[in-house]
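If you read the sequence from its start, that first residue is 1, and numbering goes on from there. Ligands are counted one by one from 1 in listed order, and the atoms in each one are counted from 1 as well.
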Amino acid sequence: MLTRRALLAGGASLAVAGVTAPRAVRAAARRAPLRDPFRLGVASGEPAPDGMVLWTRLATDPLAPDGLGGMPRRPVPVEWQLAEDENFRRVVRHGTETARPEAAHSVHVELEGLEPGAEYFYRFRAAGELSETGRTLTAPAPGSRSRALNLSFTSCADYQSGYFTAYRRMAEDHPDLIAFLGDYIYEYGDYEHPVRDQAGGECLDLAGYRLRHAQHKTDPDLRAAHAIAPWAVVWDDHDVRNAWAGDVPRKRRAAAFRAYYENMPLRRAQRPVGAALRLYRGIRWGAVANLHLLDTRQYRDPYACAGRGGTVGPDCAERLAPARTILGQEQQTWLDAQLRESRATWDLLGQQVFMMEMDWVRGPAQGWSNEGWDGYVASRDHVAATVGAHRRNAVVLTGDVHSHWAGQISRDHRDPGSKPVAVELVTTSVTSAGDGLDEYPDTPDLLAENPHVRFFNGRRGYVRTRISRREMKVDFRSLAYVTRPDAPARTSGSFVIEPGDPALNPA
Ligand SMILES: [Fe+2]
């Protein structure tokens, strides 16, 4: 039997010879079977009390250089089923969507009218082939006090830096929700000595970003994490370009945004319009938690103190300027309203970059990163004041820095005696920065001069939480290595946070 690759090769040689294939041959090629079209797996996301998004993207050849996954340039019907049981005996919803070439054959099924606080299973069928089965959940009913939320989160999955074992270990915990806090892909070109080879070089256009996303989704550990629970995703810089801050050409940004939407289980409200995509939004979990997902990349002011992102330098007046914003006015106003109206026990702020103050220079000299909220002090003060004014139990969930951290955010950065108003939990990366160490030579000094920082671990992994109305239990999960597959995960730090007191109590 002819494989699709062989058919394509045949077509290419005909073209080279300047011969047009007869109509019957072309028709046969169009009807050629799509072998194993579900190589990118399945996913769900954006859980609400009555629904969620189901996602898949068809690709028979995920590493095809044009980013189109080896799919023919025609629409393909995709059937889907949602059931109450894993064996699909009690199917509660089903339908057919069209996977279109202009959307890289991705499918987003947005469901409503389902039972709150329920577990469901879903699968797709296309070209006579069945996808794997995914598990997903609806959020509890508004105000419902019944269920705790098992939330895990991580960030920064550089394919070339190692194996995605952290995703596998997350899946094994069977969480209710996975929050991904940015750098789902890295746009970088090829490394000299990668742990794993990537396809395609640096992402510069739509084909490049589509291909990078497709290669990630071929990873069995990542597919397992998508198939086990709904996700809530935000991006960081590398989903577009290293340290970007409104300075990426519109065409490249639009390409990155479009590929991001195509490859993530997002709602129609997050569909990009050119070089704009509204990623900030809320996910509610009964009376237990409101998750506010923020976008600190798209609307931020340019970097302060004449630096590029990530620069650690001496202080400058600019980073303290009262008009500076990391969220932009619209998003800030939205977040203010979310915090004002919140009635949940916990308000979780899922976002990208270090929010707590952090002096990165040892000794009496000081140095601030201008990429995090230290470069946008007025924004941090505003959020801290809003959290304080509405007496919210705020926990900030952060990624970006490729190491685990836990600490406290103060009401006023200028006053060392100022009361903490929120806890920040910073997750390490899936792979970025390689195997790592538990501690670096300068870690004790850094912790000593930042007394509001309570925990550090420099290995790869994720953060696992169990959030109830009584307490929030936090486990920092660390992997021994990522340069080889299948590392075990261990808990390198464990804390309990109680409502009414933004402190990290040892568990
Ligand atoms: Fe990163």
Centroid separation Y167 to H226 less than 6.0 Å
no
Has Y186 got an N/O/S atom less than 2.8 Å from the Fe ion (ligand 1)? yes
- the Fe ion (ligand 1) reached by C156 (N, O or S, under 2.8 Å): yes
Per side chain to side chain donor-acceptor pair (under 3.5 Å), R196 is matched among T483, D219, D158 by D219
Atom name of the N, O or S atom of H402 nearest to the Fe ion (ligand 1) is NE2
**Report entry** Note: R297-D236 ion pair, threshold 4.0 Å (strictly below)
**Finding:** yes
request  = Anything under 30° is parallel, anything over 60° is perpendicular, the rest tilted; go ahead and classify W360 against W405.
outcome  = perpendicular
### Task
Could you tell me whether any N, O or S atom belonging to D237 is less than 2.8 Å from the Fe ion (ligand 1)?
no
- Item | Aromatic ring pairing F456/Y440, orientation class (parallel under 30°, perpendicular over 60°, tilted between) | perpendicular
For the Fe ion (ligand 1), the nearest N/O/S atom on D183 is atom OD2
